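Beneath this line is the structure, given in structure tokens, with notes to follow.
Everything quoted here is computed from the prediction, not taken from an experiment.
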Amino acid sequence: MPWTSRKTPPRPRPTTPRAQIDDLQTRLREAETHLEHLAITRKTVTGLADRLPAGPPDPPEHPNYPRIFDAFNHATGPLRAKDVCEALGHELLPKNVEGTRAKLKRLAKLGILAEIDTGGFARKQ
């Protein structure tokens, strides 16, 4: 089946060899123009795709990260490091709170969490 543009109706077939050659040359030019436009479109789309931000990165390997995400999934608002410590079942000792705060800041830096205000964290929307 010969290539035809969707925008133009099929043409009647020429009867003389010279008319057939002219018709084929016209159709070839149209096909080449269409291919050029497709190449330009592909270049534009791939250039734009390179600018899109990648999805959120995987969290670092640590057994507490899934539990931290679980705490945020059950939260109704922003959480502080002390809130997350309580959700994890850790004692509210300074070393535990600071360790949790460091993990929350790391997740915020990776773009998985958002630091709403100083010390307050929430899931990114």
Side-chain angles (χ1 to χ4, degrees):
M1 180 173 179
W3 179 84
T4 58
S5 173
R6 295 182 205 195
K7 297 176 186 174
T8 59
R11 299 181 187 133
R13 293 245 180 217
T15 55
T16 66
R18 186 68 198 152
Q20 287 178 343
I21 290 171
D22 290 342
D23 181 56
L24 289 173
Q25 287 177 336
T26 301
R27 290 171 53 194
L28 177 62
R29 280 191 302 274
E30 289 173 356
E32 287 173 341
T33 302
H34 185 70
L35 286 174
E36 288 174 12
H37 291 171
L38 289 174
I40 292 168
T41 302
R42 181 173 191 253
K43 185 176 179 181
T44 303
V45 169
T46 55
L48 291 173
D50 292 341
R51 294 180 189 173
L52 291 175
D58 293 330
E61 293 289 325
H62 193 279
N64 277 345
Y65 284 110
R67 296 173 58 207
I68 290 171
F69 296 141
D70 190 49
F72 278 97
N73 288 337
H74 290 92
T76 58
L79 295 176
R80 303 183 75 69
K82 285 183 179 183
D83 302 327
V84 176
C85 276
E86 287 176 350
L88 297 176
H90 296 312
E91 292 182 52
L92 294 181
L93 300 174
K95 68 176 188 171
N96 293 338
V97 174
E98 290 306 315
T100 301
R101 186 181 335 279
K103 287 177 184 64
L104 296 176
K105 289 218 178 251
R106 186 175 305 126
L107 292 172
K109 190 173 187 179
L110 290 172
I112 298 171
L113 294 179
E115 190 167 5
I116 304 300
D117 55 18
T118 305
F121 297 89
R123 290 289 291 224
K124 275 227 171 168
Q125 298 297 331

Could you work out, with ring pair (Phe, Tyr, Trp, His ring centres under 6.0 Å) as the rule, every residue matching Tyr65, not counting sequence neighbours?
His62

Quick one: closest heavy-atom pair of Phe72 and Phe121, and the distance?
CE2-O, 3.2 Å

Output the distance between atom CG (Leu79) and atom NE2 (His74), rounded to the nearest 0.5 Å.
12.0 Å

Return the CG to CD1 distance between Leu28 and Ile21, rounded to the nearest 0.5 Å.
13.0 Å

Can you tell me how far CD1 of Ile112 sits from CZ of Arg123, rounded to the nearest 0.5 angstrom?
8.0 Å

How long is the gap from CD on Gln25 to CZ on Arg29, to the nearest 0.5 Å?
6.0 Å

Side chains of Leu113 and Lys124, heavy atoms from C-beta outward: is any pair under 4.5 Å?
no

To the nearest 0.5 Å, what is the distance between OG1 on Thr15 and CG on Asp23?
11.0 Å

Taking Leu38 as the fixed residue, which of Glu36, His34, Arg42 is the one that meets the side-chain contact (heavy atoms from CB on, under 4.5 Å) rule?
His34

Can you give the donor-acceptor pairs under 3.5 Å from side chains of residues 82-92 to other protein atoms, not counting sequence neighbours?
residue, atom, partner, partner atom, Å
Asp83, OD2, Arg80, N, 3.0

I'd like to know if Glu98 pairs up with Arg101 as an ion pair, taking the criterion as any Lys NZ or Arg NE/NH1/NH2 lying under 4.0 Å from an Asp or Glu carboxylate oxygen.
yes

Examine Leu110 and Phe69 and state if one hydrophobic cluster contains both, with Ile, Leu, Val, Met, Phe, Trp and Tyr joined whenever side-chain heavy atoms are less than 4.5 Å apart.
yes

